[in-house]
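Here is the structure we will look at, set down as structure tokens.
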Amino acid sequence: MKPRVRVESPAERIAAAIVRAVAYADVFDFPLRAHEVHRYMPHEPAAPETVREILANGQMVPARLTRAGDYYALPGREGIVAKRCQRARESALLWPPTRRYGALIARLPYVRLVAVTGSLAVNNADADADIDYLVVTAPGHVWLTRAAIILVVRLARRRHGVTLCPNFVLSETAMRMPASMFNARELAQMVPLAGEATYRRLREVNGWTESFLPNAAGLPDGTPASGKVPAIKAGPLRRHAERLLATAPGRRLERWEMERKLRRFGPTAPGDEAQFSADWCKGHFENHGQRIIAAYTSRLESVARAGAGNGDALERHAREDA
């Protein structure tokens with residue numbers, strides 16, 4: 001006879017989701033505030049006040065989480081609060097050049113969206129961190145656009161000593177990403193700098209993120225106070241450049257650049273996160289996302305072994321999130 005699986009109550013499911021949100025952020029040494037816990041809780045829709053009530057009911061802290069000021073972390077991880085505060089100060093110094101060069105990239109021909117991803121998107125970057133950009137282009141113009149962006153990268157390094165990393169350039173026809181917790185988090189926390197209409201289409205095309213992060217709708221922290229993202233305007237010079245690149249010689253140049261870079265990058269296996277095609281230049285080498293999910297799963301298993309709540313349920317949720 002199979003053992004009966006204990007059914008979690010709604011409050012227990014939300015409590016488990018709170019632990020999972022904190023555990024995922026712990027991979028990045030990033031304790032969460034209450035509103036961030038709510039935004040990044042996996043799989044469990046809930047009202048913000050419900051999350052705040054559960055965090056304050058005396059059953060989460062200190063049994064399952066620790067609290068330091070406004071921040072929640074896994075037990076024994078109070079030290080990362082100081083690290084987050086230090087990284088927030090360092091991130092503030094990176095935002096001015098990030099916005100400046102993001103605006104410059106947005107003026108390049110065929111660019112339709114510029115967004116910040118990675119650690120800086122959540123103000124968790126070290127002083128020497130790379131500035132990660134996701135750029136969406138018009139179809140058929142990924143590779144020449146990327147080549148132009150590399151010129152901006154060199155300019156930023158020479159003038160301000162910052163390292164821009166446009167590691168994800170894709171076309172408007174290839175915006176749907178594989179469904180995973182890692183991709184859901186990257187999409188939900190990215191900060192768009194220019195191209196609001198394309199950003200909204202990107203989120204709509206990847207509507208599957210709602211099943212992973214049902215409370216993460218709308219713009220994240222880090223966007224302008226007005227909550228608006230500048231549109232990308234096509235001036236006379238830009239329109240002329242786009243007409244020129246749309247000619248047969250321009251298309252041949254695009255193909256030449258793509259083939260040149262594909263030879264340099266080499267072949268990629270189907271499971272690799274780094275992928276390249278006519279509409280997709282994803283330079284995510286070393287399978288970073290898979291390593292993050294493995295570290296996250298390991299943390300949940302450790303929490304379950306420690307007996308913090310319904311351990312069997314946490315292990316089951318870890319498999320769901322992976």
Side-chain angles (χ1 to χ4, degrees), residues 101-102 104-119 121 129-158 162-180 182-184 186-187 190 192-195 198-199 201-202 205-206 208 232 238 241-293:
Y101 289 108
L104 183 56
I105 292 171
R107 291 199 290 269
L108 296 174
Y110 290 116
V111 170
R112 301 295 184 257
L113 168 67
V114 181
V116 177
T117 63
S119 59
D130 294 350
I131 298 170
D132 295 327
Y133 290 106
L134 177 146
V135 179
V136 177
T137 77
H141 299 281
V142 163
W143 291 94
L144 284 181
T145 301
R146 181 188 178 278
I149 294 171
I150 295 303
L151 296 179
V152 178
V153 170
R154 293 172 181 170
L155 176 67
R157 185 180 297 117
R158 186 178 302 114
V162 294
T163 302
L164 310 185
C165 187
N167 55 16
F168 203 173
V169 183
L170 65 160
S171 86
E172 292 176 294
T173 57
M175 292 195 294
R176 182 174 174 84
M177 302 178 192
S180 70
F182 177 78
N183 285 339
E186 289 296 294
L187 285 164
M190 72 167 53
L193 299 181
T198 304
Y199 168 75
R201 288 200 301 274
L202 177 66
V205 167
N206 292 282
W208 55 264
I232 294 179
R238 178 190 174 112
E242 290 189 358
R243 283 195 297 268
L244 184 63
L245 292 171
T247 61
R251 291 193 296 271
R252 286 196 294 271
L253 187 60
E254 169 75 17
R255 185 168 185 82
W256 175 83
E257 175 65 9
M258 178 186 71
E259 292 175 349
R260 184 179 76 89
K261 297 306 293 186
L262 290 183
R263 286 193 298 271
R264 178 177 177 182
F265 290 140
T268 56
D272 290 349
E273 292 176 34
Q275 294 289 328
F276 311 103
S277 71
D279 288 314
W280 190 278
C281 179
K282 186 181 181 185
H284 293 178
F285 297 99
E286 301 180 358
N287 291 328
H288 179 65
Q290 295 177 30
R291 291 188 291 107
I292 294 303
I293 292 298

Requested in this report: Grab the two heavy atoms, one from L193 and one from G102, that are nearest each other, plus how far apart they are.
Outcome: CD1-CA, 4.0 Å
Requested in this report: Using side chain to side chain contact (heavy atoms under 4.5 Å, CB included) as the criterion, list what pairs up with A106, not counting sequence neighbours.
Outcome: V114, A194, I232
Requested in this report: Taking side chain to side chain contact (heavy atoms under 4.5 Å, CB included) as the test, write out the residues that go with E257, two or more places apart.
Outcome: W143, L144, A147, R260, K261
Requested in this report: Would you please test R107 and L104 for side-chain contact (heavy atoms from CB on, under 4.5 Å) and show each step?
Outcome: CA-CA 5 Å; R107 291 199 290 269; L104 183 56; 3.5 Å; yes
Requested in this report: Check whether any side-chain heavy atom of N167 lies under 4.5 Å from a side-chain heavy atom of K282, and answer yes or no.
Outcome: no
Query - Contacts of T173 that satisfy side chain to side chain donor-acceptor pair (under 3.5 Å) - sequence neighbours left out - result: S171
Report summary line: For L170 and V142 the tightest heavy-atom approach is C-CG2, 3.9 Å
Query - Validation row: L113, V111 side chains within 4.5 angstrom (heavy atoms) - result: no
**Report entry** Value rounded to 0.5 Å, distance of CG in L262 from SG in C281
**Finding:** 8.5 Å
**Report entry** Contacts of type side chain to side chain contact (heavy atoms under 4.5 Å, CB included), residue N206, not counting sequence neighbours
**Finding:** R176, M177, L187, L202, W208, T209
Query raised in the report: Of the non-hydrogen atoms in P192 and M190, which two are nearest, and what is the gap between them?
Result: CD-O, 3.5 Å
Query raised in the report: Does some side-chain heavy atom of V153 sit less than 4.5 Å from a side-chain heavy atom of Y101?
Result: no
Query raised in the report: Which heavy-atom pair separates N183 from P178 by the least distance, and what is that distance?
Result: ND2-O, 2.8 Å
Requested in this report: List for me each residue that meets side chain to side chain donor-acceptor pair (under 3.5 Å) alongside T198, sequence neighbours excluded, and say none if there are none.
Outcome: R201
Requested in this report: First locate atom CZ of R146, then atom CE of M258, and finally report the distance between them rounded to the nearest 0.5 Å.
Outcome: 13.0 Å
Query - D132 to G118 - nearest heavy-atom pair and separation - result: OD2-CA, 3.9 Å
Report task. Using the salt bridge (Lys or Arg N to Asp or Glu O under 4.0 Å) rule, collect all pairs that involve residues 241-254, keeping only residues at least two apart or in two chains. Result -> R112-E242, R238-E242
Report summary line: Residues at least two apart in sequence or cross-chain that pass side chain to side chain donor-acceptor pair (under 3.5 Å) with R157, listed by chain then number, are none
Query raised in the report: Run the side-chain contact (heavy atoms from CB on, under 4.5 Å) check on V162 and L164 step by step: do they pass?
Result: CA-CA 6 Å; V162 294; L164 310 185; 4.2 Å; yes
**Report entry** Partner set under ring-ring contact (aromatic ring centres under 6.0 Å, His included) for W280, not counting sequence neighbours
**Finding:** F168
Query raised in the report: Can you tell me how far the CD1 atom of I292 sits from the CD atom of E186, to the nearest 0.5 Å?
Result: 9.0 Å
Query raised in the report: CD1/I131 to OG/S119 distance, rounded to the nearest 0.5 angstrom?
Result: 9.5 Å
Query raised in the report: To the nearest 0.5 Å, how far apart are CD1 in I149 and CG in L155?
Result: 13.5 Å
Query raised in the report: Listed by chain and number, what are the ring-ring contact (aromatic ring centres under 6.0 Å, His included) partners of Y133, not counting sequence neighbours?
Result: none
Query raised in the report: Can you list the residues that meet the side chain to side chain donor-acceptor pair (under 3.5 Å) rule with T117, with sequence neighbours excluded?
Result: none
Report summary line: Minimal heavy-atom distance between P139 and D279, with the atoms involved, is CA-OD1, 4.4 Å
Report task. Please round to the nearest 0.5 Å and tell me the distance separating atom CD of E172 and atom OH of Y110. Result -> 11.5 Å
**Report entry** Residues which pass ring-ring contact (aromatic ring centres under 6.0 Å, His included) with Y199, listed by chain and number, not counting sequence neighbours
**Finding:** none
